[in-house]
Amino acid sequence: MAKNEKIQRQPMPEQAPLVRKNNFNEVPEGYTDEMAIQEAKRCMQCKKPACVEGCPVGVDIPGFIKHVSNGDFTKAISKLWEKNSLPAVCGRVCPQENQCEGKCILGKKGEPVAIGNLERFVADYERKKQLATRPAKAEPTGKKVAVVGSGPAGLTVAGDLVIKGHDVTIYEAFHKPGGVLVYGIPEFRLPKEIVFSEVAGLEEMGVKVQLNTVVGRIVTIDELFEQGFDAIFIAVGAGLPTFLNISGENLIGILSANEYLTRTNLMKAYLFPEYDTPIVQGRKVITIGAGNVAMDAARTALRLGAEQSTIVYRRSREEVPARQAEVHHAEQEGVEFHFLTGPTKFLGSDKGRVIGMEGLKMELGEPDASGRRRPVPIKNSEFELECDLAIIAVGAGANPLLTQSTDGLTLNKWGYITADPETGKTSKKGVWAGGDIVTGSATVILAMGAGRQAADSIHKYLTWGW
Amino acid sequence: MFKIINREEMAEGTVILNEIEAPLIAEKARPGQFVILKANETGERIPLTMADTNTEKGTITIIYMVVGKSTALFKTLKVGDAYQDVIGPLGKPTHLEKLGDVICVGGGTGIAVLHPIARGLKQVGNHVTAIIGSRNKDLLILEDKMKAASHELHVCTDDGSYGHKGFVTDILKKILTEKKDQIKLVVGIGPVPMMKFVSLVTKEFNVKTLVSLNPIMIDGTGMCGGCRVSVGGKNKFACVDGPEFDGHKVDFDELSSRLQAYMEDERQCYDNFCKVQD
């Protein structure tokens with residue numbers, strides 16, 4: 001047995017569940033220098049590293065880990081920055097278990113190297129110490145690129161292209177940059193200060209960020225070309241909440257997860273009344289759906305004072321789409337799970353507020369189009385669940401605001417933009433797209449991977465033509 | 001930052017006009033569209049339909065009633081101060097076309113939203129009859145502007161201190177009875193109960209009616225669904241599908257109820273703010 005297999009994977013220190021469920025501080029506390037070095041020593045430094053194949057942006061994982069094991073954290077961040085402009089974010093929210101860590105050779109017999117924890121450590125170290133220099137920029141090319149949306153895909157494209165000497169402007173509809181990293185993912189999973197610091201890093205490199213700019217309303221894609229942009233990358237996210245379309249859904253106290261999380265995260269309703277935006281503070285909260293967004297909502301509800309926070313999901317535990325780590329965190333904090341349960345209607349008070357949900361028990365039938373077994377309602381299994389806040393977290397659709405105002409963009413039947421999976425090129429000349437507006441709701445790192453491919457393709461176009 | 005270059009107090013200081021520097025928005029905005037404003041770092045995002053735009057000066061005008069913390073905070077902004085964030089233009093513009101005889105009905109600060117629409121309808125060649133109302137004479141706004149934007153203006157006050165004593169719907173009903181088949185469109189903008197009763201009256205006469213809704217909203221781009229309203233039994237988002245809808249199809253009772261969602265929080269926030277101001 002090799003020496004490094006004997007070192008145990010360093011556990012991530014975390015706030016205790018009963019403490020953290022009452023605050024918005026980040027749950028994991030991060031590795032110490034010693035823990036990081038210990039963990040880095042576990043890496044086998046494989047000649048053909050499988051972990052790199054598992055990374056959508058192709059980070060040189062053994063390379064940066066080598067520097068960590070030598071205690072040279074500044075060299076480690078430089079290595080990360082070569083391929084990833086948002087390491088502090090990725091170290092926190094990537095589903096490493098399905099990507100780099102899922103491929104780690106150590107994982108075959110025991111626990112894989114904690115690549116995500118190490119990435120996060122290195123990025124946090126640099127944020128505190130500010131010792132590294134950003135990668136050198138190429139000579140200005142004189143080409144202008146507009147990036148629509150400042151979420152993970154947009155930030156990646158901006159970072160990649162500014163290094164190559166292009167003049168990049170990001171347009172963001174909200175008053176803060178970061179897209180889903182800021183309005184969607186809660187503070188306790190991804191502190192907003194980290195996102196703003198990554199954006200500030202891009203601005204230092206010369207990326208311009210125009211906030212409060214809804215492309216499609218104040219300016220169209222064609223007008224951006226008229227203003228002199230040579231290429232445009234569209235990464236506006238999915239951004240259309242799905243509702244259940246059942247009776248009573250417009251009662252007060254029933255919110256889309258988008259609204260619930262945007263109020264809390266972007267508008268800081270958890271600091272009401274210091275911040276002016278209010279939020280429905282449920283005592284008994286139901287969240288419908290079991291993806292990562294549902295876990296975020298159910299855990300946010302606890303932090304806003306819920307006595308009971310329950311996930312209602314129509315399939316069984318096996319089909320839960322959220323990351324296991326998120327489900328685990330939610331369970332530790334006391335979120336309850338009602339599996340095989342489908343809502344049929346909401347019940348309201350005479351004041352128009354939600355007071356409960358009526359549902360049916362389900363059993364699993366034959367597999368459906370998604371390959372998962374289809375939930376089938378069981379007859380006469382009606383039941384009621386009391387609630388004063390219900391959060392609908394059953395996914396998102398394609399927001400049509402931008403696509404409807406742009407001629408020449410081919411969309412698929414669900415309204416998502418059709419883009420070449422290799423390059424991100426759309427049907428419109430000079431326009432690329434990536435992230436959730438192409439794939440539908442997916443992960444931060446997949447959006448970043450799409451951004452990386454598009455940035456390469458945009459750079460080729462600006463150098464050689466369409 | 002979006003600087004205030006002109007400020008007026010109307011209706012005994014309960015209604016405020018701000019002319020704000022926002023050249024890009026002014027260039028693009030059309031009657032019926034709205035902006036979202038946020039005064040400072042801790043502020044709420046407040047949607048307000050634009051009362052006017054000036055492309056030469058590069059300004060937009062908003063007129064709002066002081067009803068809670070956020071609008072009270074807006075009121076403290078003086079000429080030279082700035083809103084931290086202004087986002088727009090949002091929503092669909094009013095469809096302005098020549099139809100013939102139209103009636104524009106406005107109540108309270110809804111008159112400010114109605115004014116550019118009435119003016120637009122007049123400009124494209126309609127005969128515009130305007131009916132505006134308020135609780136009393138001192139609270140009435142924009143009478144002169146509405147006079148200029150219409151061919152015929154009727155004023156109502158609830159207490160009879162000016163013009164007709166009673167509701168805008170009284171005059172509306174009278175005109176519809178007299179000119180029944182001549183009226184091609186009614187636009188009603190004001191408090192929800194007013195829009196509800198305007199729509200009920202015009203339904204009797206089967207005259208197409210547009211109302212402009214202002215539900216609780218966060219992003220204004222169709223992302224949160226907070227502004228959903230039932231129109232003809234279907235969910236519509238006021239921010240992207242509206243803000244104007246067919247008044248005969250809107251579920252006004254549901255809208256009224258949903259507007260109460262944060263009443264207690266808003267009161268707490270407003271009281272705190274007033275204490276600090278004192």
Side-chain angles (χ1 to χ4, degrees), chain A residues 173-176 183-184 210-220 223 236-243 245 249-263 266-269 271-281 348 350-353 392 396-397 399-402 404, chain B residues 2 22 24-25 27-29 33 36 38-46 68-70 73 84-91 216 218-230 234-235 237 239-240 251 253-266 268-273:
Chain A
F174 271 130
H175 56 274
K176 297 268 187 207
Y183 75 74
Q210 290 274 358
L211 302 174
N212 296 325
T213 307
V214 182
V215 175
R217 290 276 195 237
I218 194 162
V219 66
T220 64
E223 285 166 344
V236 292
L240 184 75
T242 305
F243 286 95
N245 293 316
E249 205 171 12
N250 288 357
L251 289 162
I252 299 172
I254 303 178
L255 282 71
S256 73
N258 267 359
E259 180 179 1
Y260 187 68
L261 292 172
T262 301
R263 281 180 180 273
L266 176 75
M267 304 310 297
K268 300 211 178 292
L271 297 175
F272 180 88
E274 188 194 326
Y275 280 71
D276 295 341
T277 303
I279 185 109
V280 179
Q281 293 190 340
D350 53 3
K351 295 230 167 76
R353 288 186 178 265
I392 316 291
N399 189 318
L401 195 153
L402 176 70
Q404 278 178 2
Chain B
F2 298 81
L24 298 176
I25 300 176
E27 186 69 39
K28 278 279 168 143
Q33 289 189 297
I36 287 180
K38 186 165 160 291
N40 58 18
E41 188 58 29
T42 54
E44 260 185 300
R45 290 166 66 98
I46 299 293
K69 154 84 191 266
S70 291
L73 177 64
Q84 185 170 301
D85 302 289
V86 180
I87 302 105
L90 298 168
I216 294 173
I218 305 281
D219 61 288
T221 60
M223 200 203 77
C224 84
C227 67
R228 61 195 191 273
V229 285
S230 295
K234 290 206 174 99
N235 256 344
F237 293 172
C239 65
V240 285
D251 184 340
D253 294 339
E254 182 188 278
L255 174 64
S256 288
S257 168
R258 287 181 62 80
L259 281 166
Q260 307 291 313
Y262 297 98
M263 223 43 167
E264 275 173 39
D265 297 309
E266 282 165 11
Q268 183 200 343
C269 209
Y270 186 43
D271 289 349
N272 285 354
F273 184 72

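Proteins come first, then strands; the chains are lettered A, B, ... in the order of their sequence lines, and each starts at number 1.
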Contacting moiety of [X], where chain B heavy atoms sit under 4.5 Å:
X	answer
Lys351(A)	backbone
Phe243(A)	side chain
Leu271(A)	neither
Glu274(A)	backbone
Leu401(A)	side chain
Val280(A)	both

TODO: Walk me through it: do Gln84(B) and His175(A) pass the test side-chain contact (heavy atoms from CB on, under 4.5 Å)?
DONE: CA-CA 9 Å; Gln84(B) 185 170 301; His175(A) 56 274; 5.6 Å; no
Heavy-atom distances under 4.5 Å only: say whether [X] touches chain A with side chain, backbone, both or neither.
X	answer
Glu27(B)	neither
Cys239(B)	backbone
Tyr270(B)	neither

- [ ] Check the surroundings of atom CD in Glu223(A): do more than 12 heavy atoms from other residues, nucleotides or ligands lie under 6.0 Å from it?
- [x]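 For Glu223(A), atom CD is crowded (more than 12 foreign heavy atoms under 6.0 Å).
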Where do [X] and [Y] come nearest, in terms of heavy atoms and distance?
X	Y	answer
Asp85(B)	Asn212(A)	OD1-ND2, 2.8 Å
Pro278(A)	Glu44(B)	CD-OE2, 3.7 Å
Asn272(B)	Pro273(A)	ND2-CG, 3.8 Å
Arg45(B)	Phe174(A)	NH1-CD2, 3.4 Å
Asp265(B)	Phe272(A)	O-CZ, 3.3 Å
Gly352(A)	Ser257(B)	CA-OG, 4.0 Å

Open item on the list: side-chain contact (heavy atoms from CB on, under 4.5 Å), that's the test. Do Thr277(A) and Lys38(B) meet it? Break it down for me.
Closed with: CA-CA 11 Å; Thr277(A) 303; Lys38(B) 186 165 160 291; over 6 Å; no
Task: Rounded distance (nearest 0.5 Å) linking atom CD1 of Ile216(B) with atom CZ of Arg263(A) - done: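 Result: 6.5 Å between the selected atoms.
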Task: Gap between atom CG of Leu261(A) and atom SG of Cys224(B) - 0.5 Å precision - done: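 Answer rounded to 0.5 Å: 11.5 Å.
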Open item on the list: Can you confirm whether Asp219(B) sits close enough to Met267(A) that some side-chain heavy atom of one is under 4.5 Å from a side-chain heavy atom of the other?
Closed with: no
TODO: I would like to know whether Leu90(B) and Val214(A) meet side-chain contact (heavy atoms from CB on, under 4.5 Å); could you show each step before the answer?
DONE: CA-CA 8 Å; Leu90(B) 298 168; Val214(A) 182; 4.0 Å; yes
- [ ] Evaluate the side-chain contact (heavy atoms from CB on, under 4.5 Å) criterion for residues Phe273(B) and Asp276(A): first the C-alpha distance (whole Å), next the side-chain angles of each, then the deciding distance (0.1 Å), finally the verdict.
- [x] CA-CA 10 Å; Phe273(B) 184 72; Asp276(A) 295 341; over 6 Å; no
TODO: Answer yes if the side chains of Asn250(A) and Arg258(B) hold a donor-acceptor pair under 3.5 Å, and no otherwise.
DONE: no
